[in-house]
There are 2 protein chains.
Amino acid sequence: MPGQRSIAEAERLAAARLGGIPVRHDQMAVVANIYRAASAVRQHLENSVLRGVDLTWTAFVVLWVIWIWGESETRHVAEEAGISKGTLTGVARTLESRGLVQRADHPTDGRLVLLSLTDEGEQLMQRLFPAFNEEESFVTGQLSDADCQTVAEGLRRVVLQVEENGEKRRQDLLGGAAPAPRRSGRRKA
Amino acid sequence: MPGQRSIAEAERLAAARLGGIPVRHDQMAVVANIYRAASAVRQHLENSVLRGVDLTWTAFVVLWVIWIWGESETRHVAEEAGISKGTLTGVARTLESRGLVQRADHPTDGRLVLLSLTDEGEQLMQRLFPAFNEEESFVTGQLSDADCQTVAEGLRRVVLQVEENGEKRRQDLLGGAAPAPRRSGRRKA
DNA sequence: ATCGTATAATTTGGGCCCGAACAATTCTCA
DNA sequence: TGAGAATTGTTCGGGCCCAAATTATACGAT
């Protein structure tokens, strides 16, 4: 994990490298630190409470979503966990094979699949969540409760900005042109 | 992308589900929002400025690091980019095949490999960075400069806490036991 | 000079990740 | 009622991700 010194240094070097072009430093610092913090927190959680039960961060988040919301349609779980439908299919398969999650057909809509925790999955989350929250407290240990609220609120605004205005923004950037297709990915048969 | 309403709702449901067990809400909210913001920002950047030049977020970060720091040893690039050495090997290979990065042997230490941008890579970054920074400004558009500084500073403390105390913390949690090995991964031949 | 020991990058296995293509089902409306 | 549009979950190709194992090099001490 890179030290903080390097962020300031990188910003200085970047400014030098850009010459006359203006750089929004404060905004750059927010994005850089969001990314660093996310990596650091994920790494810590995976190597502390999750490692022992052989769960990845994503697998835990999926379990968490199903635990909190109860039996749910997969599209809802994917949305809430912040992963694509395709990714969820794979993660759910893994969790199902581990006996933590079970799938069921929707009673009236044949397109839907419902996910729920098994008893074992339920017990695991009961046991795991307090330990997880304990580490959430550890990583935020240098922040007061008020600091936490301030930071969380700032991050909420970032999320909200992207959620509410991101799509329009991306369209405007393209100026009516069709979005570039991914070079990787499935091709027509 | 899940709405903010669901975070508050999830916290409420989580509290209910945990019954008597105390939950550190503010700390939970910070971690949850760090992760959401990181996903949202990455998604927006990949689907706006990066998509057109067929770069992933990680590939861009690696280019950025080499651009800012100049020719660098791979271990330094990996550290600074926040990815493992093994991952960097693959990403560097991709970038090399695209003609954006070149590798060179270290003049005196045969173990080291140096990475630098090609002319094409240099030109790409000159062109790309302003657009990238523009989107960093967009995603933080609901925050004032002062807000940005506050949020960045809070996140810095989270990173610092994990960097400085994370390893000890993880050892303490294990209580002297050997860390659980990953179930996945390479096995002895 | 040679034998460990330390450190570098790479390889490798299992898994996550996206988004386009696809198959199955439901909805819509003429 | 029936054909097309819409929506769901799955498949799939290319790529990232980690950490352990491996290989190669450097260096210190005999």
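Just so it is clear: chains get the letters A, B, ... in the order the sequence lines come, proteins before strands, and each one is counted from 1.
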Checklist entry - Would you say the side chain of A:Lys188 and the base of C:dA21 hold a donor-acceptor pair, judged only by whether the two atoms sit under 3.5 Å apart? => result no
Checklist entry - Nearest nucleotide by nearest heavy atom, which residue falls closer to the 5' end of DNA chain D, A:Glu46 or A:Arg187? => result A:Arg187
Checklist entry - A:Arg93 side chain: which of C:dG19, D:dT11, D:dG9 is closest? => result D:dT11
Item to check | Candidate nucleotides D:dC18, C:dT26, C:dA9, ranked by approach to the side chain of B:Leu112 - the nearest | outcome: C:dA9
Item to check | Worked check of salt bridge (charged side-chain N to carboxylate O under 4.0 Å, His left out) between B:Arg170 and B:Glu167 | outcome: CA-CA 5 Å; B:Arg170 290 189 291 275; B:Glu167 187 160 351; 5.1 Å; no
Checklist entry - Is A:Phe60 reachable from B:Val23 through a run of I, L, V, M, F, W or Y residues, each pair having side-chain heavy atoms under 4.5 Å apart? => result yes
Next on the checklist: Without decimals, in angstroms, what is the distance between A:Arg51 CZ and C:dG15 P?
Outcome noted: 14 Å
Item to check | A:Arg186 (side chain) and D:dT11 (base): donor-acceptor pair under 3.5 Å | outcome: yes
Checklist entry - Hey, quick one: are B:Leu95 and B:Phe132 part of the same hydrophobic cluster, counting side-chain heavy atoms closer than 4.5 Å, chains of contacts allowed? => result yes
Checklist entry - Which value, rounded to the nearest 0.5 Å, describes the distance between B:Ile34 atom CD1 and A:Arg36 atom CZ? => result 14.0 Å
Item to check | Separation of D:dC18 P from A:Leu55 CG (nearest whole Å) | outcome: 18 Å
Next on the checklist: Rounded to whole Å, please give me the gap between CZ in B:Arg98 and P in D:dG14.
Outcome noted: 15 Å
Checklist entry - Using a cut-off of less than 4.0 Å, is there contact between a side-chain N or O of B:Thr87 and OP1 or OP2 of D:dC17? => result no
Next on the checklist: Side chain of A:Thr89 only, heavy atoms from C-beta on: which candidate in D:dG13, D:dT8, D:dG9 is closest?
Outcome noted: D:dG9
Item to check | A:Lys85 side chain, from C-beta outward: closest of D:dC18, D:dT10, D:dG13 | outcome: D:dT10
Checklist entry - Of all the nucleotides listed (C:dA8, C:dC16, C:dC18), which has the minimum atom distance to the side chain of A:Thr56? => result C:dC16
Next on the checklist: Does A:Gly110 reach a base, just sugar-phosphate, or nothing at all? Heavy atoms under 4.0 Å.
Outcome noted: sugar-phosphate
Item to check | Spacing of A:His106 atom NE2 relative to D:dT7 atom P, expressed in whole Å | outcome: 16 Å
Next on the checklist: Can you see if the side chain of A:Asn47 gets near the phosphate of D:dC18 - specifically, an N or O under 4.0 Å from OP1 or OP2?
Outcome noted: no
Checklist entry - Starting at CZ of A:Arg42 and ending at P of D:dC16, how long is that distance when rounded to a whole Å? => result 16 Å
Checklist outcome for this item: Atom CD1 of A:Ile83 and atom P of D:dC17 are separated, to the nearest Å, by 16 Å
Checklist entry - Taking the nucleotide of DNA chain C with the closest heavy atom to each, which residue, A:Thr108 or B:Val113, is nearer the 5' end? => result B:Val113
Item to check | Distance in angstrom units between A:Arg75 CZ and C:dT25 P, rounded | outcome: 17 Å
Next on the checklist: Ring centroids only, cut at 6.0 angstrom: are A:Tyr35 and B:Trp57 within range, meaning strictly under it?
Outcome noted: yes
Checklist entry - Hey, does the side chain of A:Arg24 reach the backbone of B:Ser137 with a donor-acceptor pair shorter than 3.5 angstrom? => result no
Item to check | A:Arg111 side-chain proximity, nearest of C:dT26, D:dA19, C:dC16 | outcome: C:dT26
Checklist entry - Taking the nucleotide of DNA chain C with the closest heavy atom to each, which residue, A:Ala59 or B:Glu73, is nearer the 5' end? => result B:Glu73
Item to check | Minimum-distance nucleotide (side-chain atoms of A:Arg182 versus D:dT10, D:dA19, D:dG13) | outcome: D:dG13
Next on the checklist: Does a side-chain N or O of A:Ser184 approach OP1 or OP2 of C:dC18 to a distance below 4.0 Å, or not?
Outcome noted: no
Checklist entry - Does A:Thr58 put a side-chain nitrogen or oxygen below 4.0 Å from OP1 or OP2 of C:dC17? => result yes
Next on the checklist: I need the CG-P distance between B:Leu88 and D:dG15, as an integer number of Å.
Outcome noted: 16 Å
